[in-house]
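Contents: one structure, followed by commentary.
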Amino acid sequence: MSQKFVTDSETIWCRQTEVDKVRRLSAPNLIIKYLSNSGIDLNGIRTLQSYKKGSSGLDLNVIRTLQGHKKENSDSQFAMVLKTTRFLRVLDLQGVPLEKFPSSVVGLTLLKYLSLRKSQIKTVPQSIEKLLFLETLDLKYTRVTHLPEEICKLVRLRHLLVCNNPGSGGVTLSAGNLGALSSIQNLSLVKVENDRRILKALGKLIGLRKLGLTDVRKEDGVELCCSLQKMENLSSFDVASTSKDEYLDLDHMQSPLVAPLYLERLFLIGRLERVPKWIPELTSLTKIL
């Protein structure tokens, strides 16, 4: 606390001069509505956390970078707070019942981490391209079904998370400039549908460690295997066919297997005519479903 790394607001909340010096503010039961009406200048804050105190002390499971009580927040209140925290690097709105993507978020141009997990948003605006430093975008358990092509301009993006597992669906994504995401490590889940260009573009994302695809057809097998063989770092691969009656054809890997040789997790949803011949070569495989 003496180094201003973290400050408990119970001791300085009412002293404006002290708040101005804080870079990481930790406050019990922080309410967005209160912040938006307080008039406190939060521009010096890089990380804003809230927590709930119980009889046993801090509940670390509810710590968030920026979070408010669900029934007391609104889009306008979030906008007011975010306008005074324009230097934020991390913004976690997990579980906040937002119905629209907060437009003020794209003004946080230094943002590296953005989570809207378990919110009610349905779309991501084209202006997401303004977040050039964004490395993680977490949209799990939201209602988003399509991502704008501008998402491919986020060249520093490492983790793009949309759904939890192949059985829960995925999002459509323009294949036009998908290969520009050269830093991407985690991409899940993407709907292939009838666009084979996505499978070809995946071959450019050689740094992928986790990949999840849905709506894959039998005739996509050759192109898919061609791209997988370029992913030397791939450790987790989830793939689902278009329906329970559709076959997955993954038997087009070169032999001996070069990549993804170090695959640890393989999750298949669909019918198989036979077990792909390359699977026994996966010496690091720990789980197959």
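Start at 1 with the first residue, then count along the sequence. Below, all heavy atoms of this structure are taken into account, side chains as well, without hydrogens, waters or symmetry copies.
Rounded to the nearest 0.5 Å, atoms CE (M231) and CZ (R209) are 13.0 Å apart. Of the inter-residue distances, the one linking N233 atom CG with L208 atom CG reads 9.0 Å to the nearest 0.5 angstrom.
Distance alone, capped at 3.5 Å, is enough to place a donor-acceptor pair between the S183 side chain and the V155 backbone. In this structure, the side chain of D138 engages the main chain of K140 through a donor-acceptor pair within 3.5 Å. With hydrogens and angles disregarded, no donor-acceptor distance shorter than 3.5 Å links the side chain of R156 to the backbone of L181. Under the 3.5 Å distance criterion, the side-chain polar atoms of D195 are left unmatched by any main-chain donor or acceptor of V192. The backbone N or O of L224 sits nowhere less than 3.5 Å from a side-chain atom of S227 that would complete a donor-acceptor pair. Under a 3.5 Å cut-off, the side chain of W278 and the backbone N or O of L250 do form a donor-acceptor pair.
No salt bridge links D251 with K277; every basic N to acidic carboxylate O contact stays at or beyond 4.0 Å. Taking a cutoff of 4.0 Å between a charged side-chain nitrogen and a carboxylate oxygen, D238 and K210 do not qualify as a salt bridge. Salt bridge status for R143 with E99: absent, with no side-chain N to carboxylate O gap under 4.0 Å.
Within 6.0 Å of the CD atom in Q126, the count of heavy atoms belonging to other residues, nucleotides or ligands does not exceed 12. The local environment of CG in L257 is crowded, with over 12 non-hydrogen atoms from other residues, nucleotides or ligands closer than 6.0 Å. Within 6.0 Å of OH in Y247 there are more than 12 heavy atoms belonging to other residues, nucleotides or ligands.
Under the 6.0 Å distance and 45° angle rule, K112 does not count as a cation-pi partner of F133.
Pairing each heavy atom of M253 with each of C225, the nearest pair is SD-O, 3.7 Å.
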